[in-house]
Structures are given as C-alpha cells and as structure tokens.
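A short write-up of the structure that comes next.
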Amino acid sequence: MTLHTECQPKLVKPIELRCIASLIPHCGILIYAMIATVTLNPALDKSIYVDRLHPNDTNRILRVEVDAGGKGINASRVLKELGSETIALGFVGGKIGSFIEHVLENEGIPTDFVHVKADTRTNVCIQELTGSPPTMLNEPGPNIAEDDFDKLFDKVRKVARESSFVIFGGSLPPGVPKDIYKLLVNAAQESDSKAILDSDGEPMRLGMKSMPYMIKPNREEAERLVSLRVKNVGEAVRAANILARNGVKLVVISMGADGAVACSAGEVWQAVPPKVTPVSTIGSGDSMVAGIAHILSKGGSLGEALKLGAAAGAATAMTDGTEICSHHQVQDLLKKVRLERLS
Ligand code: TA6
C-alpha cells in the first residue's frame, strides 16, 4: 500500500520549509514531515510499584515513577525519539500542565496547548512486581469550557495544514461533547492531513463517523466496538475487517505481546515482536501508533510501518512507568519482529 494513491500534481499551498520532508518527483506532491498529536486529556502518570497488591489492606510501596502522560503526548515523545518532526497540542492546566510542558520542551518537542483554568489530572498506575497487567486509576480531568475547545479547533486546523498526520488519542475530559473526535477528525482531514484516532467507547465510535485515515484500538477496545470476542489473531482480523467497512482506510488492532494486525485496502498483515520482559506496558500502544505514523509519513509501506510499530510498542513495554522506548532499543527489536502478510 503506498501512502498516496493520487499521482496528480497537487496544488501545493505555501508552507514553511521546516515541514517539507520530501518531494515525490513523479507525482509532484509533497509529504509534510510534521506529525501533530492532540491530547484532550493529558495526565501526570504516577506509577506505583508493589510486590503484590493487597486490596483493603496496607500496601508498602517499593518505588514511584512520575512522568508526563496521555496518548498523544506519549506518541509525540516516541516520534521525536524516532526522528520525526512533531508538535503536541491539547488542553493543559495548572502546575501539572506546566510540568508536562516542561518535560516536552526539555525533549525538544514543540507544543501549542490551550491553557485551561483547572489542573491537568493525575493517573495512578499500580504495578505488581509479578508483571501482571497494571491497575489503572485514571482521574476524569479538568472541565473544559466551550471557548477552550473553540481555541483548540483553530489550532488543529492551522497545524493540520502543515502536517502529514494528526494523531488524536485518549479519553475526553468533562465538558467536551461526546462527538468531539468526529469534529476534530473532520477539521484535520479538511486541511488535507490524515487523522489517526486512538480512543475508546462512544468517543471512538462517534469519531469513526468522520472516517479517520487510521484507528488503533487494542483488543478490548476492538471487542467493545464490534461486540465480538477478539482473543486471537483470527478474531482480530475479523474485527479489523468489520471496522474497515466503516470507511477507515487503515485499521490496526494492537494485541500486547502478540503484536498487532493491520487491515487496509484488502491487505491484512501481522507483526509479532520478539518476547521481551515487560516492566510496564503503559504507552506501548501509543508507541505503536507513533512507529506506524513515522514510516507512513515518509512514504513507507504498510508492512514496514506495522513492523516498526510493533518494535516500538515492545520496546516501550521494557521501560519503567510511562518512560518511552529509545531509538536504539527499537532498532534492536526491529530486526527480530516477525512480519507476515495474512491475505
Ligand atoms: O496509553 C498510556 C496512557 O496514555 C497513559 O499515559 C495514561 O495517562 C493513560 O493512557 C491515559 O489514557 P486515557 O484513556 O485515560 O486518556
């Protein structure tokens, strides 16, 4: 699958040089380097490590990790690490919002957040040393006023004009309409950018009505979307084909240690990373989205994109808390990812 099927020279709008990645001579179209991310509900991720979690009892905490979090923000951090140009948008507020902005600025990631009155939320993740899946306690987030999301829309429209992809990820904070992703995906795609949506439940379902270029549910999120079991590769392929009927060009279903399946234009691929010792899977799905967007924004194939996405997801699972993968870890795992075309 190539990134651009139309090969008519496209009327190219004047854009800043920093966004130009490459000019495809025979097509005369530009692929913009920039990949924007939009996180409506960022978070300070507080990972708490215990031997075993004993509910209704006193638990002695072994270690605490604190990091900037939120699906789009994690994706921007991985995109930067992989060498893509990225910018992070969304809503931030209070001291926690400033902390998140400083983390991104320290990593050289430009931001253009809407600053809201209330504090950005904190998500607590309780990790047992047994390696079992974490227990997540996610706060709802700050209430967003109408003029705040009007400001966000203007920023999304502007950044989309200079971006090959706009990645929308995560839950909705209180106060935003349930169909905000439908409106935002439209806004991005009306500005000739490709929207990637990674959310859950009703916001994801409504967002799909705008036919984003790509969606990336995990197994459980896919089950909720198609009301069918998604326990193995065959069931994931079935779910991906059903979701692709909604007009979404590329459906990726992430499956943890089993990697991911991707369905697009009749092609179905599976990428399985090598077995790794998971320390914290937080941000693995976001890393997969970043890896896929990174390759596609450079005109790479679906197979190459899925392979890098699987390597990035597995590499992040090897890191602490919301810490993201390193370029070196990703390249090391990439060689060992098993890629197979299923149909
Ligand atoms: O995918 C990881 C992550 O973004 C964490 O950083 C944590 O903040 C959580 O997911 C947020 O997800 P939510 O669906 O609540 O927006």
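Note that ligands are numbered from 1 as they come in the structure, with each ligand's atoms numbered from 1 the same way. If you read the sequence from its start, that first residue is 1, and numbering goes on from there.
The environment of K46 atom NZ is sparse: at most 12 non-hydrogen atoms of other residues, nucleotides or ligands sit within 6.0 angstrom.
A salt bridge links E107 and R77; the closest N-O separation between the charged side-chain nitrogens and carboxylate oxygens is under 4.0 Å. Using a cut-off of 4.0 Å between Lys/Arg side-chain N and Asp/Glu carboxylate O, E304 and K307 are scored as not salt-bridged.
Between the OG atom of S284 and the CE atom of M318 there is a distance of 10.5 Å, given to the nearest 0.5 Å. Interatomic distance, D148 CG to F113 CZ, rounded to the nearest 0.5 Å: 14.0 Å.
For T86, the side-chain hydrogen bond (donor to acceptor under 3.5 Å, both in side chains) test picks out S76, with sequence neighbours left out.
Near ligand 1, heavy-atom contacts under 4.0 Å come from A43, D45, G69, G70, K71, N74, R121, N123, N138, G170, S171, I282, G283, D286.
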